[in-house]
Amino acid sequence: MAIYKEFDIQPQNSAESGDVITNIKDIVSSGMWAEGAASITSLFTSSVQSGSSGDYYLDVYSSNPQTDSQAKSQFSVAYAHFNGSGSLGRMGITGNRASAAIYRQLSQTLLGPGEDQFTFAGSGAHIKPKYVYAISVSRQQLREKMDPGNWELKVGTGANERRFIDDSGATTNPAVNQGGRVFNIVSGSIQSGTAVVKHTATEQFGGAYGLFYPDLGLLVFNGPILNTSASLSTVESSNTLGGNSVKFYESLKSGAYFQSRREEVITSQHYFCRVPNKEFNFSSNPTFATASDGSFTQATFFKNPKTFITQVGLYNDAGELLAVAKLSKPLLKSYSREAIIKVKLDF
């Protein structure tokens with residue numbers, strides 16, 4: 001009766017087949033939001049966070065953190081101004097110029113050397129605006145990166161409603177800079193299953209709607225264009241707490257729709273557990289045979305024993321159990337039956 005069976009391990013570059021295949025990579029797309037949901041239709045903020053760092057950004061939840069202790073931030077929204085307008089403070093006046101701090105953080109993260117302002121596609125008065133709005137997806141939701149072409153955001157309702165997607169389907173050679181791949185944010189929808197663009201980045205009057213950085217989970221919107229199209233009533237006055245992040249959040253909340261998927265590269269290791277016909281046909285289970293003379297409890301097992309494989313254990317060279325794989329249903333094993341059970345470990 002075989003208890004352990006060693007794997008036939010061949011070098012990775014060997015032409016011979018082995019029982020262990022390593023470094024298999026698969027691209028997996030899944031819903032990005034809480035519990036693997038593909039979309040958010042209700043938005044909430046935390047009064048605790050709003051009171052502490054609300055001048056800089058607002059964390060957004062898919063369930064009310066005041067009543068749900070398990071609620072986790074799904075993404076954050078922020079208003080950023082190159083000169084700090086729309087927030088308190090300036091030279092000689094108390095205030096942290098929060099909007100300027102956010103702008104510097106975004107520009108240093110996303111823009112290359114020698115660039116200090118965001119430049120958007122198209123032509124017109126707002127291709128290099130002084131202020132932007134941003135959405136940053138929380139790390140636990142993003143995991144690795146957003147899936148280009150698989151998100152849609154609704155801002156506002158009624159006459160102010162705008163739906164945004166990216167233009168990744170229009171290019172096979174995206175721009176790449178310090179923030180990774182970059183796509184344009186355009187008006188459109190993916191509700192039909194494929195991207196339907198209403199206006200391309202160059203067709204949008206005054207400048208494109210924004211920039212999308214899938215590898216960082218960041219959406220940067222052209223402030224003046226979004227302000228006009230979604231009627232945000234942005235406050236640009238110096239040394240004034242304009243509440244612009246709150247206005248952006250309220251517009252997102254009224255739209256109440258953010259669909260998105262994330263993309264991950266999963267590295268796997270495959271173990272082929274081979275069960276030949278003359279092995280693993282007996283069991284140490286006390287119900288398999290009588291304790292007195294070792295006879296089978298089932299007379300029909302004589303010269304034709306049968307067992308059922310329910311799980312596979314992976315052991316190291318010291319005989320220590322490292323992992324257990326359970327089958328979805330018991331697998332019949334006898335002298336006339338063989339099996340290959342593939343165990344897959346994802347990293």
Side-chain angles (χ1 to χ4, degrees), residues 27-44 60-63 73-77 120-122 132-138 141-172 174-175 181-223 225-232 247-264:
I27 297 177
V28 178
S29 178
S30 59
M32 194 168 70
W33 307 121
E35 308 299 330
S39 61
I40 297 176
T41 55
S42 297
L43 302 180
F44 303 87
V60 181
Y61 300 77
S62 58
S63 60
S73 171
Q74 303 298 289
F75 60 91
S76 301
V77 298
F120 298 92
V132 298
Y133 286 94
I135 292 177
S136 175
V137 178
S138 300
Q141 304 307 138
L142 178 65
R143 294 187 182 175
E144 190 169 324
K145 54 193 168 186
M146 286 179 70
D147 191 355
N150 270 316
W151 67 269
E152 180 180 336
L153 174 67
K154 181 182 174 184
V155 178
T157 57
N160 296 324
E161 178 183 314
R162 297 294 182 272
R163 290 179 178 266
F164 299 112
I165 60 175
D166 65 64
D167 66 352
S168 58
T171 177
T172 57
R181 295 173 297 167
V182 186
F183 300 100
N184 292 303
I185 296 175
V186 296
S187 62
S189 175
I190 59 170
Q191 294 298 299
S192 64
T194 58
V196 178
V197 177
K198 186 176 180 181
H199 297 294
T200 66
T202 55
E203 291 173 344
Q204 175 59 37
F205 179 74
Y209 275 111
L211 298 169
F212 168 51
Y213 299 83
D215 301 318
L216 296 178
L218 280 165
L219 290 79
V220 179
F221 289 88
N222 187 328
I225 298 297
L226 187 66
N227 174 61
T228 301
S229 61
S231 297
L232 297 183
K247 294 174 183 177
F248 185 35
Y249 161 71
E250 291 295 341
S251 188
L252 294 175
K253 184 177 181 180
S254 64
Y257 186 77
F258 195 170
Q259 176 185 344
S260 185
R261 298 183 68 82
R262 59 191 169 211
E263 188 178 90
E264 299 174 86

Original post:
How far apart are the C-alpha atoms of R262 and Q141, what are their side-chain angles, what is the distance that settles it, and do they pass the side-chain contact (heavy atoms from CB on, under 4.5 Å) test?
Top reply: CA-CA 8 Å; R262 59 191 169 211; Q141 304 307 138; 4.1 Å; yes
Subject >> S138 side, atom OG; M32 side, atom CE - distance, nearest 0.5 Å >> reply: 9.0 Å
Original post:
Just how far is it from atom CD of Q259 to atom CD1 of I165, taken to the nearest 0.5 Å?
Top reply: 11.0 Å
**OP:** Please confirm whether the backbone N or O of V28 pairs with a side-chain atom of E264, one donor and one acceptor, at under 3.5 Å?
**Re:** no
Original post:
Sub-3.5 Å donor-acceptor pair from the side chain of N184 to the main-chain atoms of D167, do we have one?
Top reply: no
Subject >> Heavy-atom side-chain proximity of V60 to V77 below 4.5 angstrom >> reply: yes
Original post:
At what distance, to the nearest 0.5 angstrom, does OH of Y249 lie from OH of Y133?
Top reply: 15.5 Å
Subject >> Stepwise salt bridge (Lys or Arg N to Asp or Glu O under 4.0 Å) check, R261 with E263 >> reply: CA-CA 7 Å; R261 298 183 68 82; E263 188 178 90; over 6 Å; no
Original post:
Where do W33 and V137 land on the side-chain contact (heavy atoms from CB on, under 4.5 Å) test, with the steps shown first?
Top reply: CA-CA 10 Å; W33 307 121; V137 178; 4.2 Å; yes
Subject >> Positive for side-chain contact (heavy atoms from CB on, under 4.5 Å) with L219, one of Y209, W151, F164, Y213 >> reply: W151
Original post:
Is the F75 to F258 ring centre distance short of 6.0 Å?
Top reply: yes
**OP:** Drop me the distance from S260's OG to N150's CG, to the nearest 0.5 angstrom.
**Re:** 8.0 Å
Original post:
Which atom names give the shortest non-hydrogen contact between P214 and R181, and what distance separates them?
Top reply: CD-O, 3.3 Å
Original post:
In terms of side-chain heavy atoms, does S254 have a donor or acceptor partner in T157 at a distance below 3.5 Å?
Top reply: no
Original post:
Do the side chains of F212 and M146 get nearer than 4.5 Å, heavy atoms only?
Top reply: yes
**OP:** To the nearest 0.5 Å, tell me how far Y257 OH sits from I40 CD1.
**Re:** 11.0 Å
Original post:
Is there side-chain contact between I185 and L153, with heavy atoms separated by less than 4.5 Å?
Top reply: no
Original post:
Roughly how far apart are S251 OG and K154 NZ, rounded to 0.5 Å?
Top reply: 10.5 Å
**OP:** Specify the closest pair of heavy atoms between E203 and H199, including all atoms of both residues, with the distance to one decimal.
**Re:** OE1-CA, 3.5 Å
Original post:
If every non-hydrogen atom of F183 is compared with every non-hydrogen atom of P174, which pair is closest and at what distance?
Top reply: CE2-CB, 3.3 Å
**OP:** Taking all heavy atoms of S136 and all of L218, pick out the closest pair and write down the distance.
**Re:** CB-CD2, 3.4 Å
Original post:
Is there a donor-acceptor contact under 3.5 Å from the side chain of S168 to the main chain of G149?
Top reply: yes
Original post:
Where do V155 and A230 come nearest, in terms of heavy atoms and distance?
Top reply: CG1-CB, 4.0 Å
Original post:
What residues form a side-chain hydrogen bond (donor to acceptor under 3.5 Å, both in side chains) with S189, not counting sequence neighbours?
Top reply: E152
